[in-house]
S.K.: 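Sending over a structure as structure tokens; questions will come in a sec.
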Amino acid sequence: MQNLLDKLNPSQQKAVTHTQGPLLVLAGAGSGKTRVLTYRVAYLIKECGVPPYMILAITFTNKAANEMKERLVQILGDDGERVWARTFHSACVRILRQEIDAIGYGRNFNILDAADAERLVKECVSELNLDEKAFAPKIVIPVISDAKDNMLSPGDFLKRFGNDYRYKNIGRIYELYQKKLKIQNALDFDDLITLTVKLFEENPSILEKYQNRFRYILVDEYQDTNNSQYRLIKLLSQKYQNIFVVGDDDQSIYKFRGANIRNILDFEKDFPNAEVVKLEQNYRSTQNILDAANAIIQNNTGRKGKRLWTQNGQGNKITLYTAFDEFDEARFVSDKILELVERGKTYKDIAILYRTNAQSRVLEESLTHSAIPYRVLSGIRFYDRKEIKDVISYLRLIKNTDDDLALKRIINEPKRSIGKTTVDKLALLAARYQISMFEALKRDEILESLQRAAGKLVEFRDMILSLKEMVNKVSVEELLKQTLEKSGYLQMLQESNDPDDMDRISNINELINGAAKFDETSDDPTFENYMDQISLVSDIDNYDDAQDTVVLMTIHSAKGLEFPCVFLCGMEEGLFPSLKSLLEEDGLEEERRLCYVAITRAKEELFISHAKSRLVFGKTEKSRVSQFVKEIPDGLLNKESAYEETPAVKVYDFTKPQPSAFTSSLLNMAKKEKKDFEFNFKKGDYVEHTKFGKGIILEITPVGNDYHLQIAFDEVGTKNLMAAYAVDKLKKI
DNA sequence: CGGCGACAAGTTTTT
DNA sequence: CTTGTCGCCG
């Protein structure tokens with residue numbers, strides 16, 4: 001253990017060796033907070049003799065939970081496995097699967113994701129004959145979510161807001177929504193937390209059981225907790241007060257999801273006798289990067305106050321690039337990446353970050369043209385793809401046949417000639433009998449009244465029941481394969497002519513592989529556990545740096561990650577900070593924290609770019625540089641621009657009129673063209689590329705002032721290159 | 001009942 | 001510009 005402590009600085013040591021009573025660790029970006037968390041767990045077990053199962057370590061993402069688990073196993077061996085290192089959601093699911101009958105739900109509840117919740121809300125709105133636009137899910141769901149976060153039941157909500165027409169109706173939607181969830185024995189994401197709180201508040205003996213069990217509680221990313229999560233923590237830690245939270249008020253970026261920064265700011269008030277440890281030494285970035293981050297964040301009010309420093313040295317200046325438009329920006333990014341790689345960086349050292357997912361497209365195109373391998377951690381989760389959701393819906397229905405949402409999704413997918421009219425009729429009859437739709441399919445009198453369609457419905461019902469028979473008799477992988485077979489889903493895709501369906505099949509194969517992996521690696525590979533796991537993962541959880549590619553993602557997704565080189569794109573007013581944030585109270589401060597998070601992802605090199613104009617909804621809009629960029633001291637920046645070839649040596653001659661931005665950019669582009677184009681290849685030429693080796697040109701297509709080349713290389717396969725970039729690296733052979 | 005075409009709306013971030 | 005939804009027609 002002493003060796004472990006030797007690896008820590010004095011502040012970190014102080015945190016790790018604090019064992020009794022509440023402690024807040026204010027951990028700046030890159031200050032080694034994961035190390036502190038894991039070492040503290042190790043310290044409790046090894047030095048204080050705390051049994052591992054008495055420790056609960058809570059994180060927000062599965063990735064963080066798995067990372068912590070891995071590191072604990074490294075230090076502690078088997079004892080590491082026995083610590084509960086889980087996300088809020090998965091910890092709650094685990095508790096609810098044991099105890100939820102105490103509050104009137106069945107233990108085999110299904111978990112709805114955001115898309116399901118949206119569909120359910122739409123159903124409610126239409127059943128209540130409310131206007132679909134005024135009560136769109138976008139409006140209704142955040143209100144319901146907020147009500148749940150504050151532990152307001154539909155009744156409480158109506159009592160409090162029932163005077164307002166709009167809120168009264170949202171209250172009615174909430175009421176119906178919750179009723180439907182109950183009938184289907186389903187929980188949404190918020191329910192996982194709030195029902196656990198409700199369970200504990202209404203059942204003191206159950207609460208006490210878990211208080212005794214989890215004698216030591218650790219919470220990561222404490223600044224992201226919302227009200228119900230705070231309440232949960234508070235309840236669980238009430239008896240023994242061993243609550244150890246780690247967070248950074250400057251990195252609170254999830255207000256829109258209910259995160260309440262008050263939780264971290266008021267920790268000392270909430271937990272009397274709390275101690276506070278600040279971790280300010282940064283082990284990640286260069287001093288220049290930290291100076292920029294510090295300069296920006298100090299414009300926020302209501303901070304705990306921290307100033308990051310490092311022994312890593314000053315490092316290079318931050319590059320700031322002023323682009324003509326987003327295409328020029330993308331080209332800058334690609335060019336710089338090629339340069340970095342030439343200087344010895346690998347692709348996986350590089351991340352491209354942006355505010356909104358929509359920005360990725362142009363960047364992707366440019367990367368493709370430059371033959372730079374990349375991955376996008378997209379906004380669409382793997383499990384959100386249609387074909388995956390369809391298949392999962394089968395599994396959900398098999399697991400819990402009362403899941404009407406799942407049933408509706410797949411009852412006619414593939415086509416079984418069970419049309420909308422039939423489904424609506426069935427739903428109506430089920431509602432009349434107060435039972436789920438699948439239950440209705442078991443009643444003769446209901447089937448009779450459906451007449452013509454009854455045969456098909458019975459066929460569907462029996463198919464599901466026969467699959468249900470197999471649950472936990474065969475592996476999850478096998479169950480999945482049987483489902484694809486018996487439902488005819490796979491066959492439908494295989495017989496399709498749509499090229500997209502080929503991708504769908506490969507996605508489904510990936511799902512099968514995932515299930516097989518689950519069967520092999522899970523310590524308890526039941527069907528139920530599999531379903532819980534897939535309900536709670538996101539794409540970022542699957543990010544691994546094993547593949548050597550550049551990675552693109554939103555800043556939100558990048559939280560908790562680090563890269564030697566970071567590109568921060570689209571630093572423009574209205575985009576970042578976003579237009580909407582400027583209208584919200586404290587919105588700008590949240591954006592500034594987001595900017596702080598973005599900058600502190602970089603270890604060595606940081607490139608910031610903004611465009612003078614950008615296409616928005618297909619229209620060209622002028623844009624100004626982000627105010628956050630202006631908050632960075634000039635001395636830290638190395639400015640480059642589409643408008644000037646060599647800004648450092650350029651002498652301005654103010655006696656002559658300056659060219660307008662537009663003309664100067666055109667001049668600049670013309671210059672580039674002249675330089676770049678000595679292009680004398682033709683289709684069928686054998687060529688050698690400095691990176692890809694030998695190949696043959698398959699196709700040359702003019703694109704604007706450039707040429708698109710398709711070249712089949714002997715070793716790396718067929719690549720698409722743009723002549724302007726490739727020409728220097730290509731020669732005829 | 002299913003497929004296709006027209007039109008509208010939307011881009012902030014997601015466990 | 002793209003995606004999703006709605007309505008009409010076969």
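Just so we're on the same page: letters track the sequence lines, and every chain starts at 1.
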S.K.: Extract from the structure each pairing of a protein N or O with an N or O of nucleotides 9-11 of chain B at less than 3.5 Å, listing the distance.
M.R.:
residue	atom	partner	partner atom	Å
dT11(B)	OP2	Lys138(A)	NZ	2.7

S.K.: CG of Asp586(A) versus P of dT12(B): gap in Å, rounded?
M.R.: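 These atoms are roughly 19 Å apart.
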S.K.: OP1, OP2 of dT14(B) versus side-chain N and O of Thr554(A): anything below 4.0 Å?
M.R.: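 Looking at the OP1 and OP2 atoms of dT14(B), one of them is under 4.0 Å from a side-chain N or O of Thr554(A).
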S.K.: When you compare the side chains of Thr356(A) and Gln359(A), does any donor N or O come within less than 3.5 Å of an acceptor on the partner?
M.R.: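 Checked: Thr356(A)/Gln359(A) side chains pair up, N/O donor to acceptor below 3.5 Å.
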S.K.: How would you label the contact of Arg361(A) with the nucleic acid (heavy atoms, under 4.0 Å): base, sugar-phosphate, or nothing?
M.R.: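 Sugar-phosphate, backbone atoms only, no base.
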S.K.: Could you give the CG-to-C1' distance, from Asp532(A) to dT15(B), as a whole number of Å?
M.R.: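 To the nearest whole Å, that distance equals 15 Å.
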S.K.: Verify, without hydrogens or angle tests, whether Asn150(A) (side chain) and Leu152(A) (backbone) share a donor-acceptor contact under 3.5 angstrom.
M.R.: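 Checking the backbone N and O of Leu152(A) against the side chain of Asn150(A), no donor-acceptor pair under 3.5 Å is found.
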S.K.: Does the structure place the NZ or CZ of Arg262(A) under 6.0 Å from the centre of the six-membered ring of Tyr230(A), at an angle of no more than 45° from the ring's axis?
M.R.: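 Satisfied, under 6.0 Å and within 45°.
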S.K.: If you go through the side-chain atoms of His556(A), does one of them form a donor-acceptor pair with the base of dT14(B) closer than 3.5 Å?
M.R.: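 Under the 3.5 Å cut-off, the side chain and the base do not form any donor-acceptor pair.
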S.K.: Do Phe256(A) and the base of dT13(B) stack face to face, with centres under 5.5 Å apart and an angle between planes under 30°?
M.R.: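 Ring-base stacking flag set for Phe256(A) and dT13(B).
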S.K.: Hey, which of these two, Phe189(A) or Glu591(A), hits DNA chain B nearer its 5' end, going by closest nucleotide?
M.R.: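 Result of the comparison: Glu591(A).
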S.K.: Please report, rounded to the nearest Å, how far the P atom of dC1(C) is from the CZ atom of Arg614(A).
M.R.: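 It is 17 Å, rounded to the nearest whole Å.
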S.K.: Can you confirm whether Leu96(A) sits close enough to Val93(A) that some side-chain heavy atom of one is under 4.5 Å from a side-chain heavy atom of the other?
M.R.: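 No, every pair of side-chain atoms sits at 4.5 Å or beyond.
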S.K.: Could you please spell out the steps behind the salt bridge (Lys or Arg N to Asp or Glu O under 4.0 Å) verdict for Arg361(A) and Glu364(A)?
M.R.: CA-CA 5 Å; Arg361(A) 272 199 39 178; Glu364(A) 282 181 67; over 6 Å; no
S.K.: How would you list, by chain and number, every residue that makes a side-chain hydrogen bond (donor to acceptor under 3.5 Å, both in side chains) with Gln251(A), sequence neighbours excluded?
M.R.: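 Result, side-chain hydrogen bond (donor to acceptor under 3.5 Å, both in side chains) vs Gln251(A): Asp248(A), Arg601(A).
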S.K.: Is the shortest side-chain heavy-atom distance between Gln627(A) and Pro577(A) below 4.5 Å?
M.R.: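 Yes - at least one pair of side-chain heavy atoms lies under 4.5 Å apart.
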S.K.: Write down the distance between CD (Glu590(A)) and C1' (dT14(B)), rounded to a whole number of angstrom.
M.R.: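 Distance check: Glu590(A) CD to dT14(B) C1' gives 12 Å.
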S.K.: Go through the structure and list residues passing side-chain contact (heavy atoms from CB on, under 4.5 Å) with Asn185(A), not counting sequence neighbours.
M.R.: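 So Asn185(A) forms a side-chain contact (heavy atoms from CB on, under 4.5 Å) with Tyr105(A), Asn108(A), Phe109(A), Asn400(A).
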S.K.: Spell out yes or no: do the side chain of Arg257(A) and the base of dT13(B) have one donor N/O and one acceptor N/O closer than 3.5 Å?
M.R.: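 Not at all, since no donor on one side and acceptor on the other fall under 3.5 Å apart.
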S.K.: Just by protein heavy atoms under 4.0 Å, how would nucleotides 1-6 of chain B read 5' to 3' in B, S and -?
M.R.: SSS---
S.K.: Can you check the distance between dC6(C) and dT11(B), where both ends of the measurement are the C1' atom (answer in whole Å)?
M.R.: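 About 22 Å, rounded to a whole number of Å.
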S.K.: Side chains of Ser613(A) and Asp325(A): donor-acceptor distance under 3.5 Å anywhere?
M.R.: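 Asp325(A) and Ser613(A) do not have a side-chain donor-acceptor pair below 3.5 Å.
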S.K.: Are side-chain N/O atoms of Thr301(A) and Glu589(A) paired as donor and acceptor at under 3.5 Å?
M.R.: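 Side-chain D/A pair, Thr301(A) to Glu589(A): present.
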S.K.: Pull out every protein N or O sitting under 3.5 Å from an N or O of nucleotides 5-7 of chain C, one pair per line with the distance.
M.R.:
residue	atom	partner	partner atom	Å
dT5(C)	OP1	Lys122(A)	NZ	3.4

S.K.: Taking only the side-chain nitrogens and oxygens of Ser557(A), find out if one of them lies under 4.0 Å from OP1 or OP2 of dT14(B).
M.R.: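 Answer yes for this pair, as a side-chain N or O of Ser557(A) is under 4.0 Å from OP1 or OP2.
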S.K.: Which class fits the ring pair Tyr254(A) and His556(A): parallel under 30°, tilted 30 to 60°, perpendicular over 60°?
M.R.: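 If you compare the ring of Tyr254(A) with that of His556(A), the planes turn out tilted.
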S.K.: Measure CZ/Phe628(A) against C1'/dT12(B) and give the value in whole Å, please.
M.R.: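 Rounded to whole Å, this separation is 13 Å.
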S.K.: Using atom CG of Leu615(A) as one end and atom C1' of dT2(C) as the other, report the distance to the nearest whole Å.
M.R.: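 Leu615(A) atom CG is separated from dT2(C) atom C1' by 13 Å.
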S.K.: What interatomic distance, in whole Å, is found between P of dT13(B) and the corresponding atom of dG4(C)?
M.R.: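 Rounded to whole Å, the distance is 14 Å.
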S.K.: Not counting sequence neighbours, which residues clear side-chain hydrogen bond (donor to acceptor under 3.5 Å, both in side chains) with Arg86(A)? List them please.
M.R.: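 Listed in chain order: Ser90(A).
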S.K.: Atom CG of Asp113(A) and atom P of dT15(B): how far apart are they, to the nearest Å?
M.R.: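 Asp113(A) atom CG is separated from dT15(B) atom P by 11 Å.
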S.K.: Using atom CG of Asp224(A) as one end and atom C1' of dT13(B) as the other, report the distance to the nearest whole Å.
M.R.: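 In whole Å, dT13(B) C1' and Asp224(A) CG are 12 Å from each other.
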